[in-house]
There are 2 protein chains.
Amino acid sequence: MNRSTNDHRELVQSLRGSGHRLTPQREMVLGVIADSETHLTAEQVLARVRKQHPHLNKSAVYRSLDLLTEIGLVTVTDLGGGKSEYELLRQPSHHHLVCNKCKHVTVMDNALLVPLGRKIKAKYGFQPSLHHFAIFGTCHKCQTRSAGHKKR
Amino acid sequence: MNRSTNDHRELVQSLRGSGHRLTPQREMVLGVIADSETHLTAEQVLARVRKQHPHLNKSAVYRSLDLLTEIGLVTVTDLGGGKSEYELLRQPSHHHLVCNKCKHVTVMDNALLVPLGRKIKAKYGFQPSLHHFAIFGTCHKCQTRSAGHKKR
DNA sequence: ATATCAATTGCAACCAGTTGCAGTTAGAGT
DNA sequence: ACTCTAACTGCAACTGGTTGCAATTGATAT
């Protein structure tokens, strides 16, 4: 996978001019995320980075993830599991409907969010990050049998 | 304020039939939330409950908040501050646009979310909880001066 | 190439929130 | 009113994540 070349160029570009520096730690973190096909928790990212560089500190990973999110290379989503999930920002987007009762997650089509994004941009000038979104609520099953049953 | 009477009735109603019990701890937690005009963090709820009942354990508060959310009397929102904000579920709804860069929060009109909720319900049978929503992204200011500057 | 210095890292202490478990209790049945 | 038991609470240990600070380092200027 020579995606890393592209990612590296994008990384340097995104950091430059905003007063941020290119550090090996940040490259490693982005590398791990870029090489993964799915969401990763911070913990998983830390574990993978440490396979190559066992001495890397966890604070550096958390701080790198924050920064990569801030500069728009990575998305974060809280799927309600208590841990944030990080993922390389790719197209097309996908989203999640998370049930508050049974915790079941349904994948939602991106098309439903497009008009919302457009309206927010038009009305408030705010550019929403609707790349990877979680909407909480009650799933079909839990609505019908709204009595009884517990979590998970 | 004799809102407590209504809340109590609703609480009993919501717990009944789902195998949950009415406990003094849950009443206290709901009472505190109902008496507040704004969002409260779990920590703030704990502090207020302890003014009356200094011995109440924090786990009970966290667990009560989860339950009150699950049964729909209370909403949770993560405004990006690292702490969840709890609030009595009232109409009309209001929402927040949170800037990933400067952390500024704009209030968003409920009308923009209504069509989305309708579409999700129609397509997936999922009843989204769009009562108190946070959308992350980049605010108007941070888009224009997208280089330079750090957090507030 | 070297000096400079703010951005960044590593560390250790810390904080919000969770969990497993033993003891307690709401409330249904009698 | 009394019994029974699953739901619940309190506790203490734990987990994921954050923070303050001293030491380090990437990038800019010389």
Side-chain angles (χ1 to χ4, degrees), chain A residues 8 11-30 39-50 53-71 76-86 103 147-152, chain B residues 8 11-30 39-50 53-71 74 76-86 103 147-151:
Chain A
H8 189 275
L11 179 58
V12 174
Q13 221 166 69
S14 299
L15 292 175
R16 185 158 299 163
S18 55
H20 295 123
R21 304 199 316 214
L22 179 63
T23 66
Q25 289 85 342
R26 287 170 182 173
E27 285 186 273
M28 287 182 230
V29 169
L30 183 62
H39 327 152
L40 294 175
T41 64
E43 215 181 345
Q44 291 173 312
V45 172
L46 179 60
R48 294 191 187 195
V49 172
R50 280 196 175 155
H53 305 263
H55 294 307
L56 194 92
N57 190 269
K58 68 174 177 171
S59 315
V61 170
Y62 283 106
R63 292 194 273 227
S64 296
L65 288 170
D66 282 353
L67 183 67
L68 292 171
T69 303
E70 196 183 308
I71 66 180
V76 214
T77 315
D78 177 3
L79 294 178
K83 301 178 187 179
S84 294
E85 308 261 352
Y86 297 85
K103 308 302 175 193
H149 304 277
K150 294 304 303 295
K151 304 182 180 186
R152 278 159 225 202
Chain B
H8 189 276
L11 180 57
V12 174
Q13 220 167 70
S14 298
L15 292 174
R16 184 158 299 161
S18 56
H20 295 123
R21 303 199 316 214
L22 178 64
T23 66
Q25 289 86 341
R26 286 170 184 174
E27 284 186 274
M28 288 182 228
V29 169
L30 183 62
H39 325 152
L40 295 175
T41 64
E43 216 180 345
Q44 292 173 310
V45 173
L46 179 61
R48 295 191 185 193
V49 171
R50 280 196 175 156
H53 305 263
H55 294 307
L56 193 93
N57 189 268
K58 67 174 178 171
S59 314
V61 170
Y62 284 106
R63 291 193 272 227
S64 295
L65 288 170
D66 282 353
L67 183 66
L68 292 171
T69 303
E70 197 184 307
I71 65 180
V74 163
V76 214
T77 316
D78 177 2
L79 294 179
K83 301 179 188 179
S84 294
E85 308 261 352
Y86 297 86
K103 309 300 173 195
H149 304 278
K150 295 303 304 295
K151 305 180 180 187

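Each chain gets a letter, A, B and so on, in the order its sequence line appears, and its residues count up from 1.
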Margin query: Using a heavy-atom cut-off of 4.0 Å across all strands, would you classify A:T23 as base, sugar-phosphate, or nothing?
Written below: sugar-phosphate
Next item on the list: Look at the side chain of A:K58 and the base of D:dG17, then say whether one donor and one acceptor between them are separated by less than 3.5 Å.
Entry: yes
Next item on the list: Check the distance between D:dT9's C1' and B:E27's CD and give it to me in whole angstrom.
Entry: 15 Å
Notebook entry, point to check: Could you give the CG-to-P distance, from B:L65 to C:dG17, as a whole number of Å?
Noted result: 9 Å
Next item on the list: Return yes if the base of C:dT8 and the side-chain atoms of A:R63 contain a donor-acceptor N/O pair under 3.5 Å, otherwise no.
Entry: no
Note to self: By nearest atom, which of the nucleotides D:dG10, D:dT25, D:dG17 is closest to the A:A42 side chain?
What the structure shows: D:dG17
Notebook entry, point to check: Rounded to whole angstroms, how far apart are CZ on A:R21 and P on D:dT24?
Noted result: 14 Å
Next item on the list: Compare all side-chain heavy atoms of B:V76 with those of B:D66 and state whether any distance is below 4.5 angstrom.
Entry: no
Notebook entry, point to check: B:N57 or A:L22: which one's nearest nucleotide on DNA chain C is closer to the 5' end?
Noted result: A:L22
Next item on the list: Would you mind reading off the distance between A:H53 atom NE2 and C:dT9 atom C1', rounded to a whole angstrom?
Entry: 15 Å
Note to self: Taking any heavy-atom pair under 4.0 Å as a contact, classify B:T41: base, sugar-phosphate, or nothing.
What the structure shows: nothing
Check: Do B:H8 and B:L22 come close enough that some side-chain heavy atom pair is under 4.5 Å?
Finding: yes
Check: If only side-chain N and O atoms of A:Y62 are considered, is one of them under 4.0 Å from the OP1 or OP2 phosphate oxygen of D:dT18?
Finding: no
Margin query: C:dT8, OP1 or OP2 - any side-chain N/O from A:R26 closer than 4.0 Å?
Written below: yes
Item checked: Gap between atoms CG and C1', on A:D66 and D:dG16 respectively (whole Å) -> 13 Å
Check: Tell me: CG of A:L46 to P of D:dG17, nearest whole Å?
Finding: 10 Å
Checklist line | Spacing between B:M28 atom CE and D:dC8 atom P, to the nearest angstrom | finding: 15 Å
Margin query: Go nucleotide by nucleotide along DNA chain C from the 5' end; which of A:S59 and B:S84 gets its closest nucleotide reached first?
Written below: A:S59
Next item on the list: Check whether any side-chain nitrogen or oxygen of B:Q25 sits under 4.0 Å from OP1 or OP2 of D:dG10, and answer yes or no.
Entry: yes
Notebook entry, point to check: Across the strands shown, which category fits A:K83 at heavy-atom distances under 4.0 angstrom: base, sugar-phosphate, nothing?
Noted result: sugar-phosphate
Notebook entry, point to check: Whole-Å distance between D:dC14 P and A:E43 CD?
Noted result: 16 Å
Checklist line | Interatomic spacing from CZ in B:R63 to CD in B:E70 - rounded to 0.5 Å | finding: 14.0 Å
Note to self: I'd like to check B:L30 versus B:V74 (side-chain heavy atoms, cut-off strictly below 4.5 Å). Are they in contact?
What the structure shows: yes
Item checked: Heavy-atom side-chain contact between B:L67 and B:L15 under 4.5 Å -> yes
